[in-house]
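Note that ligands are numbered from 1 as they come in the structure, with each ligand's atoms numbered from 1 the same way. All values below come from the heavy atoms of this structure, side chains included, with hydrogens, waters and symmetry mates left out. All values derive from a computational prediction rather than experimental measurement.
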Amino acid sequence: MSTENTAPITSIANIGTHVGQTVTVRGWLYNLRASGKLLFPIFRDGTGTIQGIVPKAAVSPEVFDTLKDLQLESSLTVTGKVRADSRAPSGYELDVEDVKVQQAVRADQPFPITLKEHGPDFLMEHRHLWMRTPRQSAILRVRATIMRAAAEFFDTQDFTRTDPPILTPAACEGTSELFEMKYFDEGNAYLTQSGQLYIEATALALGKVYSFGPTFRAEKSKTRRHLTEFWMIEPEVAYADLDDLMVLAENFLTHIVTRVLEKHRIDLKTITGAEDKAAKLEKISAPFPRVSYDDAHAMLEKAFAEGLIEKPHVYGDDFGAPDETYISNQFDRPVMVHRYPAEVKAFYMQPDPKDPTKALCVDVLAPEGYGEIIGGSQRVDDYDLLKERILSHGLPLEAFEWYLDLRKYGSVPHSGFGMGIERCVAWICGLDHVRETIPFARTLNRIYP
Ligand code: 4AD
Ligand code: MG
């Protein structure tokens, strides 16, 4: 093993700019195959993976022996010459010249995650290690791009980011889903379910605002779409009505998908395997179809009559997951379902002047049955109506005095929506369960690790 090493350090993602050169990669041993006097280690460094070729005759005996017995996930730096290879998944291979082990995993305590199938409970219990596998790393990279693109969309359209509090005195999205805690001598506080009420205040101060942060729901539901802690990005716009909001939502999602396609074609392949997710995502561009609740109900009635869905949809009820799946399957891009019955929606939603039993709201349903990724509405802007709504929903008026003030001092029509990052990641990456969309998922029965 040589002691001096002057090769430039590169990331695997950028290794293509070094074809024909000797470089050093700092990372971990992801996999190792041996075939007589040839070793095929696969290295990973967090940006990607690359296969190395180690013919016994071409390297020093120390290098060969070190690698041959090395346990998976040992940390190492590897030096080698980059070769373009069209058969390699990344397009390149590394002719290994030297290896320096940083920390060798002990043979009697091998890395617990192997290439064989593990159950989801085992994987979630080892989430801190599971995230090293190429598919999980790729998902986290796509997530980061989705978050960056989401913020960038609003930042470049003159929105001001305003951060709402996480500790709040009252509910926003229904009182049954609150995490409660004692707050000194002030009584109970709750972890925020949505920044919306607070950014309605900042919107009336600054015009166009958004918030982006963690959100909490003490959901008792154990579904593939629910986390108890998730990240939500929420725009709120003064003088915007429901139509303006739908235009904002479709442009927003189109921007996010465009950024993911620009950066993550290899990651999408790693994540979805044979499925050509990129081809599906290429169809996502504004305008998106708009379907009223009434028309969506009619679609479901017809589908039930034709035996295409199992359960009839009851007019007036919210849509269940199978209903949403059926509706979204009729389109190749997200569908915006608007004007739900006010009864199934939140207290703050503005009634439709043409039919006050309906709310001026929109749910954006992702394609392929990924369900609701965005929920939003025009807000009640009349003082008396809002006060009546707060009371009829059994909410404590004292906690909402400040919110009612917004309707006392220069009230205007205004609208906003919230998108859960994890739902968006699940759709874009084609994942069965939101638990894989966030580094450490918090669900009904998991808070470890
Ligand atoms: O539809 P929701 O409950 O709407 C609100 O919270 C509004 N106050 C937002 C607003 O208008 N500013 O939630 C918005 C989005 C959903 O469409 C979904 O993407 C996500 O937040 N979401 C969840 N994601 C993961 N786990 C959960 N338990 C979620 N609940 C909502
Ligand atoms: Mg909703």
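Between Met419 and ligand 1, not a single N/O pair is under 3.5 Å apart. Considering backbone and side-chain atoms together, Glu236 places no N or O closer than 3.5 Å to any N or O of ligand 1. Inclusion of Arg379 in the set of residues having an N or O under 3.5 Å from an N or O of ligand 1 is warranted. Considering backbone and side-chain atoms together, Tyr348 places an N or O closer than 3.5 Å to an N or O of ligand 1. The N/O atoms of Gly420, backbone and side chain alike, include one that comes under 3.5 Å of an N/O atom in ligand 1. Residue contacts with ligand 1: His226 is placed with no nitrogen or oxygen under 3.5 Å of a nitrogen or oxygen of the ligand (distance criterion only).
Looking at Gln193, Glu177, Glu234 and measuring to atom 12 (N) of ligand 1, the nearest heavy atom belongs to Glu234. Here the shortest heavy-atom distance to atom 16 (C) of ligand 1, taken over Glu422, Gln196, Glu372, belongs to Glu372. Nearest-heavy-atom check against atom 14 (C) of ligand 1 across Glu219, Gln378, Met232, Met349 picks out Met232.
Side-chain atoms of Thr47 come within 3.5 Å of backbone atoms of Ile12 as a donor-acceptor pair (strictly under, hydrogens ignored). Side-chain atoms of Arg379 never come within 3.5 Å of backbone atoms of Tyr348 as a donor-acceptor pair (strictly under, hydrogens ignored). At least one donor-acceptor pair closer than 3.5 Å links the side chain of Tyr293 to the backbone N or O of Gly316. With hydrogens and angles disregarded, no donor-acceptor distance shorter than 3.5 Å links the side chain of Thr49 to the backbone of Arg44.
A donor-acceptor contact closer than 3.5 angstrom is absent between the side chains of Asp163 and Tyr198. For the residue pair Arg127/Gln136, the side-chain donor-acceptor check at 3.5 Å is satisfied.
For ligand 1, the atoms closer than 4.0 angstrom to any heavy atom of Gly416 are 11 (O).
Proximity of Glu173 to ligand 1 is established by a heavy-atom distance of less than 4.0 Å. Ligand 1 is approached by Arg225 to a heavy-atom distance shorter than 4.0 Å. Heavy-atom separations between Val434 and ligand 1 are all 4.0 Å or longer. Contact analysis leaves Arg442 out of contact with ligand 1, as no non-hydrogen atom separation drops below 4.0 angstrom.
When distances from the Mg ion (ligand 2) to the N, O or S atoms of Glu372 are compared, OE2 comes out shortest.
Ion pairing between Glu200 and Arg407 holds under the 4.0 Å rule for side-chain N and carboxylate O. For Asp332 and Lys283, the salt-bridge test fails: no basic side-chain N is under 4.0 Å from an acidic carboxylate O. By the 4.0 Å N-to-carboxylate-O rule, Asp384 lies too far from Lys387 to be salt-bridged with it. For the pair Glu436 and Arg143, the salt-bridge criterion is not met [side-chain N within less than 4.0 Å of a carboxylate O].
For atom 28 (N) of ligand 1, the closest non-hydrogen atom of the protein is Leu227 O, 3.0 Å. Among all protein heavy atoms, the one lying closest to atom 15 (C) of ligand 1 is Gly418 O, 3.6 Å. The protein non-hydrogen atom at the shortest distance from atom 2 (P) of ligand 1 is Arg217 NH2, 4.0 Å. The protein non-hydrogen atom at the shortest distance from atom 19 (O) of ligand 1 is Ile373 O, 2.8 Å. With respect to atom 18 (C) of ligand 1, the closest heavy atom belonging to the protein is Arg423 NH1, 3.5 Å.
The residue Glu200 has no part lying near ligand 1, judged by heavy-atom distances below 4.0 Å. Neither the backbone nor the side chain of Thr228 has any atom closer than 4.0 Å to an atom of ligand 1 (non-hydrogen atoms only). Within the 4.0 Å heavy-atom criterion, the part of Phe230 lying near ligand 1 is the side chain and not the backbone.
Relative orientation of the Tyr403 and Phe400 rings is perpendicular, given thresholds of 30° and 60° on the angle between their planes.
Aromatic ring centres of Phe159 and Phe153 lie farther apart than the 6.0 Å criterion allows.
With Phe40 as the aromatic partner, Arg33 meets the cation-pi criteria of under 6.0 angstrom to the ring centre and within 45 degrees of the ring axis.
Residue Ser194 forms a side-chain hydrogen bond (donor to acceptor under 3.5 Å, both in side chains) with just one option from Glu234, Arg217, Glu173, and that option is Glu234.
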